[in-house]
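Remember, it's 1-based here, ligands and their atoms both numbered in the order they're listed.
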Amino acid sequence: MIIEPRTRGFICLTAHPVGCAAHVKQQIEYVKQQGKINGPKKVLVIGASTGFGLASRISAAFGFDASTIGVFFEKEPAPGKTASPGWYNTAAFETEAHAAGLYAKSINGDAFSDEIKQKTIDLIKKDLGQVDLIIYSLASPRRTDPKTGITYQSTLKPIGQVFENKTVDFHTGEVKQVSIEPASEEDVANTIKVMGGEDWELWIDEMKDAGVIAENALTVAYSYIGPKVTEAVYRNGTIGRAKDHLEATVTRINEKLKDLNGLSYVSVNKGLVTQASSAIPVIPLYISLLYKTMKEKGLHEGCIEQIYRLYKDRLYTAGEVPVDEKGRIRIDDWELRDDVQAVVSELWEKTTTENLSELGDLAGYRTDFFNLFGFEIAGVDYAADANEMVDIPGLQ
Ligand code: NAI
Ligand code: NA
């Protein structure tokens, strides 16, 4: 069928299989051009189908020649109805990985559940024995606690005060004021439940008990800090509390991995257009100003550039892993450079609906957004019939 984007707010209801495949191939090509890294050979990625998790899987497979297992939660296709993009991304990734002689299998289901953890552990035992890198890259608006069955919703709210600032509707380019009421204590607790470190630690507990974590293994989860303008709603808001919890979980996991000589890290990544970040108020406007500034300075990176650099210059150098004073890996270093932030905050003050397309990279934001769903990819013929019924070759 002919597949076109159908957007509703910050989501797109359709995805293009050929476009998603082309997008994945671009990322694979990037890694191949950068060259090999001497890294781990058996890698589990939780949240492997889009964004930073997909980039983590691609960089491991094509950068380390690693066998990869990917876990994600994606909608499969039905006749006349497209799958979600992570489905098509994974189908394309596995096809390319298999063609390159690499092991790649996937599990589609709720990573927060005991069942999917067990299924993953069984697959590792059967095929790989153990893994030596575990990437934790989930982004979800809700989580059901497997022990109690209670479902928690995360929120994106400031704490203790109303948040008022600019935001943009990136479809229309309209810059307007947004006002967000402060979170309740329950909102804070719920957001920590969903996006904090509890589930990461559960994965490590259960994998360790099952003996599927190798000696000297690393596990890495992703965090964000960002600029002053988003601080009240992001880092000092409900999601920031969850990230604080995630970062604090490092100490707990390190204790548990001690006897295996394993280590855990949080990597603070750059703000980028993903399905998760387009849902956050204010972030799209910030990102379009950031893109403009970083592209002008030749510092722009997408998910694949970020994660390749994480592996090459942080995790798998010959020496120690470089971290900040709080023990975190920083690949948001270029985003938070003083000269970058000085320009962005100057632009922030000046930005209006009328001048945004000139001051900011709204076009780049939009293109990245549509690319997430396989649209607006150069070289793809969108007028041609596309088969929506694509299989993931290594799906378990
Ligand atoms: P994303 O939305 O692109 O990816 C989320 C992944 O989680 C997908 O693979 C999805 O299938 C999977 N997932 C969601 N719910 C699941 C469930 N219940 N069971 C199994 N899989 C599930 O998000 P993105 O942006 O790549 O986020 C990943 C991490 O990176 C998050 O912790 C996020 O906070 C962090 N991060 C994101 C930044 C950004 O600007 N996008 C910046 C810095 C950190
Ligand atoms: Na991800």
Trainee: Could you see which bit of Asn269 sits under 4.0 Å from ligand 1, with heavy atoms only: side chain, backbone, both or neither?
Mentor: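 Contact part for Asn269 vs ligand 1: both backbone and side chain.
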
Trainee: Do any heavy atoms of Gly271 fall under 4.0 Å from ligand 1?
Mentor: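 Within the 4.0 Å threshold, so yes.
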
Trainee: Take the angle between the ring planes of Tyr382 and Phe375 and call it parallel below 30°, perpendicular above 60°, tilted in between.
Mentor: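 Correct class here is tilted.
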
Trainee: Using a 4.0 Å heavy-atom threshold (strictly under), name the region of Ser223 that reaches ligand 1: side chain, backbone, both or neither.
Mentor: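 Just the backbone.
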
Trainee: Under 3.5 Å, side chain of Arg366 to main-chain N/O of His171, donor-acceptor pair present?
Mentor: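 Indeed, once roles are kept as given, a pair shorter than 3.5 Å links the two residues.
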
Trainee: Provide the number and element of each atom of ligand 1 under 4.0 Å from a heavy atom of Ser140.
Mentor: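 Those qualifying, in numeric order: 15 (N).
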
Trainee: When only distance counts, is Thr50 in polar contact with ligand 1, meaning an N/O pair under 3.5 Å?
Mentor: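 Yes.
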
Trainee: Do the side chains of Asp110 and Arg143 get close enough for a salt bridge, i.e. N-O under 4.0 angstrom?
Mentor: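 A salt bridge is absent here (no side-chain N lies under 4.0 Å from a carboxylate O).
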
Trainee: Can you tell whether the side chains of Lys42 and Asp127 come within less than 4.0 Å, N to carboxylate O?
Mentor: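 Asp127 and Lys42: not salt-bridged.
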
Trainee: With a 4.0 Å cut-off on N to O distance, would you call Lys166 and Glu349 a salt bridge?
Mentor: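 A salt bridge is absent here (no side-chain N lies under 4.0 Å from a carboxylate O).
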
Trainee: Using 4.0 Å as the upper bound for N to carboxylate O, is an ion pair formed by Glu185 and Arg241?
Mentor: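 Salt bridge: no.
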
Trainee: Do any N/O atoms on Leu272 end up under 3.5 angstrom from N/O atoms on ligand 1?
Mentor: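 Yes, since at least one N or O of Leu272 sits under 3.5 Å from an N or O of ligand 1.
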
Trainee: Just jot down the ligand 1 atoms closer than 4.0 angstrom to any heavy atom of Ser137, in number order.
Mentor: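 Every atom of ligand 1 under 4.0 Å from some heavy atom of Ser137: 5 (C), 6 (C), 7 (O), 28 (C), 29 (C).
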
Trainee: At less than 4.0 angstrom from any non-hydrogen atom of Leu138, what atoms of ligand 1 do you find?
Mentor: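 Checking each atom against Leu138, I get 7 (O), 12 (C), 13 (N), 20 (C), 21 (N), 22 (C), 31 (C), 32 (O).
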
Trainee: At less than 4.0 angstrom from any non-hydrogen atom of Ala276, what atoms of ligand 1 do you find?
Mentor: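 Reading through ligand 1 atom by atom, the close ones are 2 (O), 23 (O), 25 (O).
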
Trainee: Salt-bridge test for Lys147 and Asp114: reply yes if a basic N is under 4.0 Å from a carboxylate O, no otherwise.
Mentor: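 Looking at Asp114 together with Lys147, the answer is yes, because their closest N to O distance falls below 4.0 Å.
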
Trainee: If you count the atoms of ligand 1 from 1 in the order shown, which ones are under 4.0 Å from a heavy atom of Phe112?
Mentor: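 So the answer, numbered in order with elements, is 18 (N).
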
Trainee: Arg143 near ligand 1, heavy-atom distance under 4.0 Å?
Mentor: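 Outside the 4.0 Å threshold, so no.
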
Trainee: Is Lys117 salt-bridged to Asp205, going by a charged N under 4.0 Å from an acidic O?
Mentor: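 Result for this pair is no, no salt bridge flagged.
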
Trainee: N/O to N/O below 3.5 Å, does that happen between Ser49 and ligand 1?
Mentor: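 Yes, at least one N or O pair falls under 3.5 Å.
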
Trainee: Over 60° means perpendicular and under 30° means parallel, so classify the ring planes of Phe170 and Tyr365, tilted if in between.
Mentor: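 Taking Phe170 first and then Tyr365, their aromatic rings sit tilted (interplane angle of 30° to 60°).
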
Trainee: For ligand 1, does Lys243 get within less than 4.0 Å through its side chain, its backbone, both, or neither, judged by non-hydrogen atoms?
Mentor: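 For Lys243, the contact with ligand 1 is made by the side chain alone.
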
Trainee: Under 3.5 Å between some N or O of ligand 1 and some N or O of Phe73?
Mentor: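 Between Phe73 and ligand 1, an N or O pair is found under 3.5 Å apart.
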
Trainee: Please list, in number order, the atoms of ligand 1 under 4.0 Å from a heavy atom of Gly51.
Mentor: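 Near Gly51, meaning under 4.0 Å from one of its heavy atoms, ligand 1 has 3 (O), 26 (O).
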
Trainee: Answer with yes or no whether Gly109 contacts ligand 1, where contact means a heavy atom under 4.0 Å from a ligand atom.
Mentor: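 Checking ligand 1 against Gly109, which is what was asked, there is a heavy-atom contact under 4.0 Å.
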
Trainee: Phe52 versus ligand 1: do any nitrogen or oxygen atoms come within less than 3.5 Å of each other?
Mentor: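 Between Phe52 and ligand 1, an N or O pair is found under 3.5 Å apart.
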
Trainee: Identify whether the distance between the nearest side-chain nitrogen and carboxylate oxygen of Lys326 and Asp324 falls below 4.0 Å.
Mentor: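 No, no charged N to carboxylate O under 4.0 Å.
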
Trainee: Is the backbone of Ala83 close enough, under 3.5 Å, to the side chain of Tyr88 for a donor and an acceptor to pair up by distance?
Mentor: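 Confirmed, Tyr88 side chain pairs with Ala83 backbone.
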
Trainee: Is there a donor-acceptor pair closer than 3.5 Å between any side-chain N or O of Asn89 and the backbone N or O of Ser49?
Mentor: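 At least one qualifying donor-acceptor pair exists.
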
Trainee: Which of the atoms in ligand 1, numbered in the order shown and given with their element, are less than 4.0 Å from a heavy-atom of Ser277?
Mentor: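 That gives atoms 40 (O), 41 (N) of ligand 1.
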
Trainee: For ligand 1, is any non-hydrogen atom under 4.0 Å from Ala221's backbone (N, CA, C, O), its side chain (CB onward), both, or neither?
Mentor: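 The answer is neither; Ala221 stays 4.0 Å or more away.
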
Trainee: Give the atoms of ligand 1, by number and element, whose distance to some non-hydrogen atom of Asp110 is under 4.0 Å.
Mentor: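 Under 4.0 Å from Asp110, ligand 1 has these atoms: 17 (C), 18 (N), 19 (N).
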
